[in-house]
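I have placed the structure first, in the form of structure tokens, so that the comments after it can refer back to it.
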2 protein chains.
Amino acid sequence: MSFHSYLSSIITVSDELQEAFYKLTHTKEVKKGQLLVLAGERCNDIYFVESGLLRGYYYQEEKEITHWFAREDEFATCFYSFITHVPSAEFIEAIEPCELVQLPYANLQKLYASFPETERIGRLLTEAYYVKLEGRFLGLQFTTAKERYDDLMTHHPQLLQRAPLGQIASYLGITQETLSRIRAKQ
Amino acid sequence: MSFHSYLSSIITVSDELQEAFYKLTHTKEVKKGQLLVLAGERCNDIYFVESGLLRGYYYQEEKEITHWFAREDEFATCFYSFITHVPSAEFIEAIEPCELVQLPYANLQKLYASFPETERIGRLLTEAYYVKLEGRFLGLQFTTAKERYDDLMTHHPQLLQRAPLGQIASYLGITQETLSRIRAKQ
DNA sequence: CCCTGATTTTGATCTACATCAAAAATCAAG
DNA sequence: CTTGATTTTTGATGTAGATCAAAATCAGGG
């Protein structure tokens with residue numbers, strides 16, 4: 001979906017707002033495997049995924065841990081770096097070729113100032129990051145690996161066809177072997 | 001520490017800014033055991049803890065899970081509710097009698113608009129919530145209960161004297177029995 | 001097609017922590 | 001103090017998922 005259609009489904013996009021978006025964002029295409037953000041760099045942009053699949057990951061004792069996935073119609077950024085202007089701890093990688101809309105921090109602030117309805121974007125972003133993180137934090141404590149896997153599959157059924165098992169396993173907080181076994185029994 | 005001294009240690013507080021804070025915040029005293037925010041209510045305020053100890057908790061299948069503690073010189077709020085204006089999923093309770101400074105959401109926005117340096121408050125808040133949550137999320141996956149306990153004790157050594165074991169255990173994501181055993185062996 | 005490296009599966013074993021249950025210690029109020 | 005309630009400790013047992021290792025499958029370039 002285009003960013004514009006997505007926005008229209010969320011808020012009323014007046015002609016002036018559409019104009020402002022046109023000026024304040026720009027599109028970006030990335031190839032499979034390309035890195036959008038490197039750990040150690042500041043992440044000053046939000047990306048809206050028009051098509052494709054991104055993931056955020058970091059290293060934990062040599063091992064790559066996938067922190068999130070962002071598919072079409074979702075926002076992606078290094079949340080903490082974006083909010084605090086501190087260098088990112090994570091990498092953003094395109095798992096698939098992507099069409100993205102890039103919205104710099106400063107431009108988002110301009111939008112907030114002129115079009116209060118755009119604050120919903122900030123909320124969706126917070127929701128995408130904080131709330132999901134909280135949900136996963138709880139999940140880690142209170143649900144089994146199988147439950148977490150089933151939940152992921154109901155919310156994102158095609159993920160298994162789009163991302164390698166190891167990335168999904170680390171996202172779920174388990175080893176690849178365990179995820180493989182979970183899948184084996186129906 | 002007073003909110004004012006704390007702020008002075010973080011940002012330069014001009015006379016006008018001090019004046020603005022005076023108008024836009026107010027102090028609040030709560031007794032031990034008192035609830036500041038109820039689950040189901042919106043949380044529209046940030047609290048700065050001048051003295052005392054607060055905790056946020058929610059229910060997970062009948063069980064009370066402590067989500068965070070906020071001691072003196074820390075900010076506290078129901079982060080998600082505060083940011084998104086959605087009803088809170090958690091309760092805030094005073095574990096000790098507290099002196100608080102209450103800053104409503106709308107007033108924080110006014111401060112941001114007039115005194116850009118106050119945006120640091122928002123960052124500290126995000127840090128207090130998002131980053132800590134992220135750290136705990138990682139901890140849950142990659143460290144043992146003992147390591148998490150030791151880490152908490154180095155950062156908050158008196159907590160054990162100030163909050164009951166069960167609350168600390170649920171904060172660490174373990175049972176009270178396990179925490180008791182961890183403490184037993186030196 | 002075949003080969004090579006990456007990804008996924010299968011197997012055997014080990015361990016941190018949960019659960020259930022009861023005893024012990026601490027607290028708070030008459 | 002005494003007593004009942006709450007909090008903490010101790011004990012016995014069970015299990016989800018980790019780890020290590022090897023086999024099997026898959027994918028894409030020559």
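All values below were derived from every heavy atom in this structure, side-chain atoms included, with hydrogens, water molecules and symmetry-related copies excluded. Lettering follows sequence order; numbering is per chain, from 1.
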What is the separation between atom CZ on B/F142 and atom C1' on C/dA16, rounded to the nearest whole Å? 16 Å
With respect to the phosphate group of C/dT9, does any side-chain polar atom (N or O) of A/R183 fall under 4.0 Å of OP1 or OP2? yes
Output side-chain donor-acceptor pairs under 3.5 Å for residues 84-107 of chain B, partner residues at least two apart or in another chain, one line each.
unit_1 : atom_1 : unit_2 : atom_2 : d
B/T84  : OG1    : B/Y80  : O      : 2.6
B/S88  : OG     : B/E90  : N      : 2.9
B/S88  : OG     : B/E90  : O      : 2.7
B/E90  : OE1    : B/H67  : ND1    : 2.7
B/E90  : OE2    : B/W68  : NE1    : 2.9
B/E93  : OE1    : B/R55  : NE     : 2.7
B/E93  : OE1    : B/R55  : NH2    : 2.9
B/E96  : OE1    : B/R162 : NH2    : 2.9
B/E96  : OE2    : B/R162 : NE     : 2.6
B/E99  : OE1    : B/S51  : OG     : 3.1
B/Q102 : OE1    : B/H26  : NE2    : 2.9
B/Q102 : NE2    : B/D45  : OD1    : 3.3
B/Q102 : NE2    : B/D45  : OD2    : 3.2
B/Q102 : NE2    : B/Y47  : OH     : 3.4
B/Y105 : OH     : B/Q109 : NE2    : 3.4
B/N107 : ND2    : B/L24  : O      : 2.7

B/Y149 OH - C/dA16 C1' separation (whole Å): 18 Å
Taken to the nearest whole Å, CD/B/Q176 to C1'/C/dT26 is 13 Å
Face-on cation placement of B/R136 at B/Y171 ring, 6.0 Å and 45° thresholds: yes
Whether the side chain of A/Q141 engages the backbone of A/L138 through a donor-acceptor N/O pair (distance < 3.5 Å, no angle test) should be reported. no
Length of the CD1-C1' vector between A/I95 and C/dT7, whole Å: 15 Å
Taking atom P of C/dT26 as reference, at what distance in whole Å does atom CD of B/Q161 sit? 14 Å
A/S114 side chain to A/K110 main-chain N or O, any donor-acceptor pair under 3.5 Å? yes
Look only at the side chain of A/T154 and the backbone of A/D151, and say whether a donor-acceptor pair between them is shorter than 3.5 Å. yes
Modelled atom types, side-chain donor and acceptor of A/Y22 and A/Q18, under 3.5 Å: no
Picking from C/dT8, D/dT8, C/dT10, the nucleotide nearest the side-chain atoms of A/A184 would be C/dT10
Whether the side chain of A/Y129 engages the backbone of A/T77 through a donor-acceptor N/O pair (distance < 3.5 Å, no angle test) should be reported. yes
Using only heavy-atom distances, determine whether the side chains of A/S8 and A/S5 contain a donor-acceptor pair under 3.5 Å. no
Please check this pair: side chain of B/S81 against backbone of B/R42, looking for a donor-acceptor N/O pair closer than 3.5 Å. no
Expected rows: protein N/O vs nucleotides 17-19 of chain C N/O, under 3.5 Å:
unit_1 : atom_1 : unit_2 : atom_2 : d
C/dC17 : OP1    : B/A145 : N      : 2.6
C/dA18 : OP1    : B/T175 : N      : 3.4
C/dA18 : OP2    : B/T175 : N      : 3.4
C/dA18 : OP2    : B/T175 : OG1    : 3.1
C/dA18 : OP2    : B/T178 : OG1    : 2.4
C/dT19 : O4     : B/R181 : NH2    : 3.2

For each nucleotide in nucleotides 22-30 of chain D, reading 5' to 3', give B when a protein heavy atom comes within less than 4.0 Å of its base, S when such contact involves only the sugar-phosphate, and - otherwise. ---------
Nucleotide D/dT7, atom P - distance to CG of B/L165 in whole Å: 11 Å
